[in-house]
Trainee: 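I'd like to ask you about the structure that follows.
Counting starts at 1 for both ligands and their atoms, following the listed order. Note that the structure is predicted; figures quoted are calculated from it, not measured. By convention here, the first residue in the shown sequence is residue 1.
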Amino acid sequence: MNIAVLGSKRVGKSSILKVVFQKMSPNETLFIESTTRVDEVKIQNNPYTRCTILDFPGTFEISQMTSLERRFLQDSAMIIYVLDAQDEPYNKSLEKLVSLMSEVYSFNPHCKIEVFCHKIDGDMFVNDDVKLGVLNEVSEIVRFDTTERKLPEPSFHLTSIYDLSIFEAMSKCIQKITPGVGHMQNLLDILMSHCRIDKVYVFDVISKLYIATDSTPVDLISYELCSDMIDVVIDVSCIYGVGEDENFNNAFDGKSTSVIRLDTGLTLYLREVEHLLALVCLVKDDNFERHHLIDYNIDRFKEGAKKILDAREKWVKEQEEVKG
Ligand SMILES: Nc1nc2c(ncn2[C@@H]2O[C@H](COP(=O)(O)OP(=O)(O)OP(=O)(O)O)[C@@H](O)[C@H]2O)c(=O)[nH]1
Ligand SMILES: [Mg+2]
């Protein structure tokens with residue numbers, strides 16, 4: 001699965017990939033050099049999170065695309081188009097987006113297009129209304145142009161590398177092109193209703209993207225709590241555990257589990273699901289008393305998730321054979 005990341009110069013494309021996948025701190029991105037050719041970032045964190053992300057240079061022009069760049073776009077299941085929300089007016093960059101879409105759909109009609117209205121941080125955006133104003137303005141301009149050219153409308157996300165919004169948006173994007181996510185969601189819904197869980201996520205431990213969640217809406221507060229819990233478990237394991245390697249193999253395994261009681265009357269509970277995949281849920285204290293029941297149901301969930309993974313591997317192999 002390829003995801004191509006495009007957009008004008010200095011909009012933050014490389015920073016996004018470095019912060020989300022290479023653990024760079026947001027402040028360090030100030031020193032990133034401009035990308036001069038398509039950079040391939042291979043992600044192989046666990047059996048569910050496998051893809052190649054193509055970081056295009058901001059100088060890329062669809063009208064002057066090389067045959068290699070065309071092949072990259074042909075093979076991409078998704079294009080993430082990054083727009084600098086701090087750089088008004090947006091018209092020029094959005095015109096580029098619509099031209100890109102009409103060209104890409106001519107040779108890759110199933111490609112999904114996601115627009116990141118990026119750099120939604122700093123003094124300009126302290127107010128949520130201003131953020132929503134940007135989202136409305138951008139989506140209205142794009143809707144007008146795509147309707148005129150009879151193109152499908154893309155999806156929009158408000159993002160910044162300075163908070164979890166970029167992780168949430170990237171999680172949603174990867175889920176859109178990962179087969180089997182709908183089945184995982186169904187299993188999580190069942191787990192949730194049987195155990196009276198308030199919210200449940202399955203995380204890629206390395207990137208802290210969530211690869212699936214139940215069907216209730218995601219709020220950044222629960223996502224942040226659950227994501228922070230992974231940091232706590234990994235940090236404690238790495239500092240006091242049996243040793244560390246760069247893939248956390250020793251710090252996170254089948255026996256990894258943790259319970260944290262919050263002063264809000266909620267309990268955070270973490271269990272390993274698969275290699276470097278963690279299930280983290282939020283449960284009311286009263287409902288956590290039937291702890292054994294939750295464990296029993298998580299074990300059943302693990303069995304179901306394994307079946308989905310096996311079916312997916314089989315499907316991927318078949319697709320590869322078809323492609324030859
Ligand atoms: N305020 C703010 N700045 C950001 C954000 N993301 C990236 N930046 C800054 O944007 C600048 C450009 O970042 P790059 O990642 O190099 O941008 P790029 O799109 O890859 O640029 P090219 O490779 O030239 O196309 C850097 O100074 C980053 O620190 C963000 O979410 N908020
Ligand atoms: Mg770059």
Trainee: Considering only heavy atoms, which of Ala85, Gly12, Ser14, Gly122 lies nearest to atom 20 (O) of ligand 1?
Mentor: Ser14

Trainee: Among all protein heavy atoms, pick out the one at the shortest distance from atom 14 (P) of ligand 1; state its residue, atom name and that distance to 0.1 Å.
Mentor: Ser15 OG, 3.4 Å

Trainee: Specify the protein heavy atom at minimum distance from atom 8 (N) of ligand 1: its residue, its atom name, and the distance to 0.1 Å.
Mentor: Lys119 CE, 3.7 Å

Trainee: Is the shortest side-chain N to carboxylate O distance from Lys13 to Asp55 below 4.0 Å?
Mentor: no

Trainee: Assess the side chains of Ser160 and Lys119: does a donor N or O sit below 3.5 Å from an acceptor N or O?
Mentor: no

Trainee: Which of the atoms of ligand 1 are close to Ile32, meaning less than 4.0 Å from one of its heavy atoms?
Mentor: 16 (O)

Trainee: Students should be able to answer this: which protein heavy-atom is nearest to atom 24 (O) of ligand 1, and at what distance?
Mentor: Ser34 OG, 2.5 Å

Trainee: Under 4.0 Å between a Lys/Arg side-chain N and an Asp/Glu carboxylate O for Arg10 and Asp84?
Mentor: no

Trainee: Any N/O/S atom from Ser14 (main chain or side chain) under 2.8 Å of the Mg ion (ligand 2)?
Mentor: yes

Trainee: Just checking: Thr35, one of its N/O/S atoms, less than 2.8 Å away from the Mg ion (ligand 2), yes or no?
Mentor: yes

Trainee: Decide, yes or no, whether a salt bridge links Arg196 with Asp286 under the criterion of side-chain N to carboxylate O below 4.0 Å.
Mentor: no

Trainee: Which residue holds the protein heavy atom closest to atom 31 (O) of ligand 1, what is that atom called, and what is the gap in Å?
Mentor: Ile161 N, 2.8 Å

Trainee: What are the atoms of ligand 1, with element, lying closer than 4.0 Å to any heavy atom of Lys9?
Mentor: 25 (O)

Trainee: Quick test of your reading of the model: are Arg143 and Glu140 salt-bridged, counting only N-O distances below 4.0 Å?
Mentor: no

Trainee: Of the backbone atoms (N, CA, C, O) and the side-chain heavy atoms from C-beta on, which set of His118 has a member under 4.0 Å from an atom of ligand 1: side chain, backbone, both, or neither?
Mentor: side chain

Trainee: Just to confirm my output: which protein heavy-atom neighbour is closest to atom 26 (C) of ligand 1, and how far is it?
Mentor: Thr29 O, 3.6 Å

Trainee: Indicate yes or no: does an N/O atom of Val11 lie under 3.5 Å from an N/O atom of ligand 1?
Mentor: yes

Trainee: Could you see if Leu83 belongs to whatever hydrophobic cluster contains Ile62? Use Ile, Leu, Val, Met, Phe, Trp, Tyr and a side-chain cutoff under 4.5 Å.
Mentor: yes

Trainee: List ligand 1 atoms under 4.0 Å from Leu30, heavy atoms only on the residue side.
Mentor: 27 (O), 29 (O)

Trainee: Does one side chain, of Tyr201 or Ser222, offer a donor that lies under 3.5 Å from an acceptor on the other?
Mentor: yes

Trainee: Can you confirm whether the side chains of Glu28 and Ser25 place a donor and an acceptor under 3.5 Å from each other?
Mentor: yes

Trainee: Please check whether Gly58 reaches ligand 1 - meaning an N/O of the residue sits under 3.5 Å from an N/O of the ligand, judged on distance alone.
Mentor: yes

Trainee: Nearest protein heavy-atom contact for atom 16 (O) of ligand 1: which residue, which atom, what distance?
Mentor: Arg10 NH1, 3.0 Å

Trainee: Going by the order shown, which atoms of ligand 1 are within less than 4.0 Å of some heavy atom of Asp121?
Mentor: 1 (N), 2 (C), 30 (C), 31 (O), 32 (N)

Trainee: May I ask you to decide whether Lys208 forms a salt bridge with Asp231, counting only side-chain N to carboxylate O separations under 4.0 Å?
Mentor: yes

Trainee: Does Ser93 use its side chain to pair, donor to acceptor, with the backbone of Tyr90 at less than 3.5 Å?
Mentor: no

Trainee: Only heavy atoms of Lys13, strictly under 4.0 Å: list the atoms of ligand 1 that pass.
Mentor: 15 (O), 17 (O), 18 (P), 19 (O), 20 (O), 21 (O), 22 (P), 25 (O)

Trainee: Look at Lys317 together with Glu313 and state whether they make a salt bridge at an N to O cut-off of under 4.0 Å.
Mentor: no

